[in-house]
**Student:** 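Before anything else, here's the structure in question.
Order of appearance sets the numbers: ligands from 1, and atoms from 1 within every ligand.
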Amino acid sequence: MSAVDRQVEHRLLEHDVRYTRGRRRVVEALAASDGPRSTADLHAEIHGEVPLSSLYRSLAVLEEAGVVAPHFSAKGITRYELAEWLAGHHHHLVCLSCGLVEDIEIPGELEQELRSIVARIGSRSGFEPTDHALEIEGTCARCR
Ligand SMILES: [Zn+2]
Ligand SMILES: [Zn+2]
């Protein structure tokens, strides 16, 4: 059992939810992916091992327990990824041409700069930021 599996199992236990084989497959697929995935992507990635109806149910249960977080694209597609407490803090590259959403981690010093910029922006409005999410929109390498 991986570290992520153990963390998820513990969290689900707190929510009185069983970590079924289907849910495990979803978590495994998301842990292995390099960005948020739609239900259709996940269904294909786990080779239809989990029926679509129970895949929807699994994602709802995992989202409710805070294991999985939804990512909403401008084109109205919902994709899912492991929540940041499991996956680590990161940002997204969003291709406006093909819709690809890719995770990106930035070096510590840049992340520090980003945090200070976010703090400055927040303070202009008397707001104290505790977190941020950054989406970089543009064109991916395949679409250029
Ligand atoms: Zn693209
Ligand atoms: Zn992500």
**Student:** The Zn ion (ligand 1): which protein N, O or S atoms are under 2.8 Å away?
**Tutor:** Cys95 SG, Cys98 SG, Cys140 SG, Cys143 SG
**Student:** Would you call Arg6 and Glu9 a salt bridge, using N to O less than 4.0 angstrom?
**Tutor:** no
**Student:** Quick one: pull up CD in Glu111 and CD in Glu113 and give me the separation to the nearest 0.5 Å.
**Tutor:** 10.5 Å
**Student:** So do Arg23 and Val17 actually touch side chain to side chain, heavy atoms under 4.5 Å?
**Tutor:** yes
**Student:** Under 4.5 Å between any side-chain heavy atoms of Leu59 and Leu42, yes or no?
**Tutor:** yes
**Student:** Crowded around Glu64 CD? As in, over 12 foreign heavy atoms under 6.0 Å?
**Tutor:** no
**Student:** What number of protein N, O or S atoms occur at distances under 2.8 Å from the Zn ion (ligand 2)?
**Tutor:** 4
**Student:** Is any side-chain heavy atom of Tyr19 less than 4.5 Å from a side-chain heavy atom of Val27?
**Tutor:** yes
**Student:** Looking at Glu14, I want to see if its CD is surrounded by more than 12 non-hydrogen atoms of other residues, nucleotides or ligands under 6.0 Å.
**Tutor:** yes
**Student:** According to the side-chain hydrogen bond (donor to acceptor under 3.5 Å, both in side chains) rule, which pairs have a member within residues 95-104, sequence neighbours left out?
**Tutor:** His90-Asp103, His92-Asp103
**Student:** Should side-chain heavy atoms under 4.5 Å link Ile, Leu, Val, Met, Phe, Trp and Tyr, which residues sit in the same cluster as Leu114?
**Tutor:** Leu93, Ile104, Ile106, Leu110, Leu134, Ile136
